[in-house]
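Below is one structure; the comments refer to it alone.
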Amino acid sequence: MMLTEDLEWFVVLAETQQVTATADLTHLSQPTLSRKLARLERQIGVTLFDRQGRRLELNRHGEILYRHARTALHSLDAAQSEIQSLASPESGTVRLDFLHSFGTWLVPHMLRGYRVEHPGVRFELHQDSAQFLVDRIAAGTSDLAVVSPQPRDPQVAWMQIAQQSLALAVPADHRFAKLHSVELADAADEPFIGMHPNFGMRRILDELCAAAGFTPNFVFESSELATVGGLVSASFGVSVMPVQDPPIWAEGVVYVPIEGAQRKIGLIWSKSRELSDPARTFRDYVERTTWS
């Protein structure tokens, strides 16, 4: 098996056709270079040069190796350039995941501000449920993810970046609609619309209901908060939703604050993998910026 360094000195030798010149260019001694050539020819099983005094001339076998060696070195140079481009904090790529509900406001806000400062950086974006995003970070499929609530997985690091107040979302004609606030326990007998299991808002809803002493009766489970809001507006049920200002959910929904209920939003990354320079630079930008 040929090493990259063998390809390098062989190409130089093939082009100069002189051991002395090649030794000077590669910073190898002439005896060392001669030994390397002899070892390479033994490894391949054929001679690569015809000797004409001090001059070496590629034979048919050597011409084949020279052609492929040049191609291999060019490919390696191209790969190195591509990797360096990906890793550059000013022209590299950040693999960023986020919850569906953050794709309408938070993530666009982040990208818009960051790309003003770093216009050459590219982003590979992915949306999914909270647990799937945690799994992608742990597996190294993505660099960073914007999630809520804080994952329980010990493999990922967490940095809180914002929080949202939570409210009981009810239709405009609901008995709670004119209240200034509500105890979630008062809604124990209501039909609930929630997110599917493994979604962050579903975990938050389940934990809030458990703390209030009841298990919600789900009449529908969705993968989109917008759908949840739409069904609430149609009086299909109630739900726990983040309060967004300005509102981005369906019209005809009233958000009655739940005392002390907050949705913590954070950025996560793998504890066991070092972030690339572009991902680390973006994380630092998110950390020093106010998103609430």
Side-chain angles (χ1 to χ4, degrees), residues 96-111 125-136 142 145-151 161-179 181-182 184-212 214-258 261-266 268 291-292:
L96 178 65
D97 292 1
F98 53 94
L99 300 184
H100 292 81
S101 60
F102 297 147
T104 58
W105 64 285
L106 180 55
V107 171
H109 189 191
M110 289 178 172
L111 298 183
L125 305 177
H126 180 83
Q127 288 179 305
D128 219 316
S129 66
Q131 187 55 55
F132 280 108
L133 297 188
V134 172
D135 292 343
R136 283 170 57 86
S142 292
V146 185
V147 300
S148 178
Q150 181 176 354
I161 59 175
Q163 65 181 25
Q164 291 176 298
S165 296
L166 297 175
L168 184 69
V170 300
D173 59 354
H174 194 275
R175 61 192 175 98
F176 292 155
K178 294 184 179 181
L179 298 178
S181 64
V182 67
L184 194 56
D186 294 338
D189 295 330
E190 296 283 339
F192 270 80
I193 303 165
M195 304 293 285
H196 287 296
N198 290 328
F199 280 74
M201 276 305 303
R202 174 59 178 270
R203 176 183 149 193
I204 292 172
L205 191 158
D206 286 344
E207 290 177 351
L208 287 174
C209 290
F214 72 97
T215 300
N217 172 32
F218 287 106
V219 294
F220 187 78
E221 295 175 327
S222 175
S223 59
E224 295 282 352
L225 270 178
T227 299
V228 173
L231 293 176
V232 169
S233 72
S235 300
F236 199 70
V238 302
S239 189
V240 172
M241 297 182 69
V243 178
Q244 187 69 31
D245 186 22
I248 60 174
W249 314 121
E251 295 182 0
V253 178
V254 175
Y255 301 94
V256 185
I258 303 170
Q262 299 283 338
R263 179 195 198 191
K264 294 180 180 179
I265 302 170
I268 61 170
W291 304 106
S292 299

Report the residue from Gln164, Arg263, Met201 that forms a side-chain contact (heavy atoms from CB on, under 4.5 Å) with Ser101.
->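 Going through Gln164, Arg263, Met201 one by one, the side-chain contact (heavy atoms from CB on, under 4.5 Å) with Ser101 is satisfied by Arg263 alone.
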
So do [Y] and [X] actually touch side chain to side chain, heavy atoms under 4.5 Å?
X      : Y      : answer
Pro242 : Leu225 : yes
Ile193 : Val219 : yes
Leu111 : Leu125 : yes
Ile268 : Val134 : yes
Ser239 : Leu205 : yes
His100 : Ser223 : no
Phe199 : Glu221 : no
Val228 : Met195 : yes

Quick one: [atom1] on [X] to [atom2] on [Y], what's the gap to the nearest 0.5 Å?
X      : Y      : atom1 : atom2 : answer
Gln127 : Asp97  : CD    : CG    : 9.5 Å
Leu99  : Phe132 : CG    : CZ    : 13.0 Å
Leu166 : Lys264 : CG    : NZ    : 11.5 Å
Ile161 : Leu106 : CD1   : CG    : 5.0 Å
Asp206 : Phe192 : CG    : CZ    : 10.0 Å

Give me the atom names and distance for the closest heavy-atom approach of [X] to [Y].
X      : Y      : result
Gly200 : Ala130 : N-CB, 3.5 Å
Val243 : Ala167 : CG2-CB, 3.6 Å
Ala172 : Ala177 : O-CB, 3.4 Å
Pro197 : Arg202 : CD-NH1, 3.6 Å
Gly237 : Pro171 : O-CD, 4.1 Å
Ala185 : Ala212 : CB-O, 3.7 Å

Please list, chain by chain and in numerical order, all residues satisfying ring pair (Phe, Tyr, Trp, His ring centres under 6.0 Å) with His109, sequence neighbours excluded.
->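 If we apply the ring pair (Phe, Tyr, Trp, His ring centres under 6.0 Å) test to His109, skipping adjacent residues, the hits are Trp291.
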
Count the heavy atoms belonging to other residues, nucleotides or ligands that lie under 6.0 Å from CZ of Phe176, then report whether that count exceeds 12.
->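 Correct, the count exceeds 12.
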
Might you confirm whether atom CG of Asp173 has over 12 heavy atoms from other residues, nucleotides or ligands at distances under 6.0 Å?
->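 Result for CG/Asp173: enclosed.
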
According to the interplanar angle, ranging from 0 to 90°, do the rings of Trp105 and Phe102 count as parallel (below 30°), tilted (30 to 60°) or perpendicular (above 60°)?
->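 Correct class here is perpendicular.
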
Ser129 versus Asn198, side-chain donor and acceptor atoms under 3.5 Å |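 Short answer, no.
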
Please check if the side chain of Ser142 supplies one atom and the backbone of Leu96 the other of a donor-acceptor pair under 3.5 Å.
->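 Side chain of Ser142 to backbone of Leu96: no pair is present.
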
Candidate pair Val238 and Val232, rule side chain to side chain contact (heavy atoms under 4.5 Å, CB included), full reasoning = CA-CA 6 Å; Val238 302; Val232 169; 5.5 Å; no

